[in-house]
There are 2 protein chains.
Amino acid sequence: MHSKTLIEIVKNRREMLQVTQEMLAELSGVGLRTLKQFESGKGNPTLETLNKLADALGLELTFKIKELL
Amino acid sequence: MHSKTLIEIVKNRREMLQVTQEMLAELSGVGLRTLKQFESGKGNPTLETLNKLADALGLELTFKIKELL
DNA sequence: ACATTAAGTGCTTTATATTGCACTATTGTA
DNA sequence: TACAATAGTGCAATATAAAGCACTTAATGT
């Protein structure tokens with residue numbers, strides 16, 4: 001069982017909440033272009049960007065101990 | 001109980017492992033200057049940088065559901 | 001107190017993230 | 001199939017992260 005990527009988590013969460021990229025961009029204060037790039041795997045967002053998205057989605061960015069597979 | 005910041009986690013983990021900033025920079029492939037800025041709270045690192053640090057520290061960057069306090 | 005090691009900072013260059021705009025591609029649905 | 005909504009992309013401007021260097025400050029041990 002490997003953990004989902006940050007991208008998957010954001011996408012899933014967003015869809016679960018029935019929010020479009022446009023709405024999430026609006027809500028989070030992240031540029032639509034930036035969000036699109038991130039979700040399509042093209043991005044290398046800054047911590048600030050990730051935190052804005054997390055906030056808007058009711059999530060929190062953390063480190064967890066990596067399980068030695 | 002509020003969760004520790006990413007900075008705290010990195011610092012604590014690094015110190016627990018008895019690794020200096022210089023060593024961690026070396027091990028992770030992140031520039032020393034970048035690590036210093038991050039740990040001193042001045043930085044806004046990219047996801048790539050955070051992942052490099054996480055890898056070197058045996059950590060994994062994730063989102064968790066935020067607890068409504 | 002002193003020496004040593006580690007951490008933090010000012011300055012600079014280069015690389016790249018962010019953003020908007022206009023456009024294309026995909027997806028779902030009537 | 002045709003339409004509408006949503007997602008993805010090329011281009012360009014601006015802002016800023018990454019990095020090294022030299023230096024200062026703080027912490028640690030003898």
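In what follows, every heavy atom counts, from backbone to side chain, and hydrogens, waters and symmetry copies are set aside.
Under 4.0 angstrom from either OP1 or OP2 of C:dT18 there lies no side-chain N or O belonging to A:Gln37. Checking the phosphate oxygens (OP1, OP2) of C:dT9, a side-chain nitrogen or oxygen of B:Lys42 falls inside 4.0 Å. For C:dT5, the OP1/OP2 oxygens have no side-chain nitrogen or oxygen of B:Thr20 closer than 4.0 Å. Taking only side-chain nitrogens and oxygens, B:Arg14 never comes nearer than 4.0 Å to OP1 or OP2 of C:dA6. Here A:Ser40 does not reach the OP1 or OP2 of D:dA7: none of its side-chain N or O atoms lies under 4.0 Å away.
For the pair B:Thr46 and A:Leu47, the minimum side-chain heavy-atom distance is 4.5 Å or more. Considering only heavy atoms from C-beta on, B:Leu6 comes within 4.5 Å of A:Phe63 through its side chain.
Remark on DNA chain D: of its neighbouring residues B:Lys36 and B:Thr46, the 5'-side contact belongs to B:Thr46, judged by nearest-heavy-atom nucleotide.
Residue A:Thr49 has its side chain nearest to C:dT18 when only C:dT18, C:dA7, D:dG8 are considered. Closest approach to the B:Asn44 side chain among C:dG8, C:dT18, D:dA17 is made by D:dA17 (side chain taken as heavy atoms from C-beta onward).
Salt bridge present: A:Lys64 and A:Glu67 bring a charged side-chain N and a carboxylate O closer than 4.0 Å.
Side-chain contact annotation: A:Gln37 with A:Lys42, donor-acceptor N/O pair under 3.5 Å absent.
Summarising the geometry, the separation between CD on B:Glu39 and P on D:dA26 is reported as 18 Å, rounded to the nearest angstrom. Between the CG atom of A:Leu24 and the P atom of C:dT18 there is a distance of 14 Å, given to the nearest Å. Atom CG in A:Leu32 sits about 16 Å away from atom P in D:dA5, given to the nearest Å. Per the geometry, CD belonging to B:Glu22 stands 10 Å off C1' belonging to C:dT5, to the nearest Å. In this structure, the CG atom of A:Leu35 is 15 Å from the C1' atom of C:dG20, given to the nearest Å. Rounded to whole angstrom, the span from the CG atom of B:Asn51 across to the P atom of D:dA17 amounts to 17 Å. Put simply, CD on B:Gln21 is 13 Å from P on D:dA27, counting in whole angstrom units. Atom CZ of A:Phe38 is separated from atom P of D:dA7 by 15 Å (rounded to the nearest Å).
Counting distance only, with no hydrogens placed and no angle test, the side-chain atoms of B:Arg33 and the base atoms of C:dG8 include no donor-acceptor pair under 3.5 Å.
If you take CG on B:Leu50 and CG on A:Leu61, they are separated by 7.0 Å, rounding to the nearest 0.5 Å.
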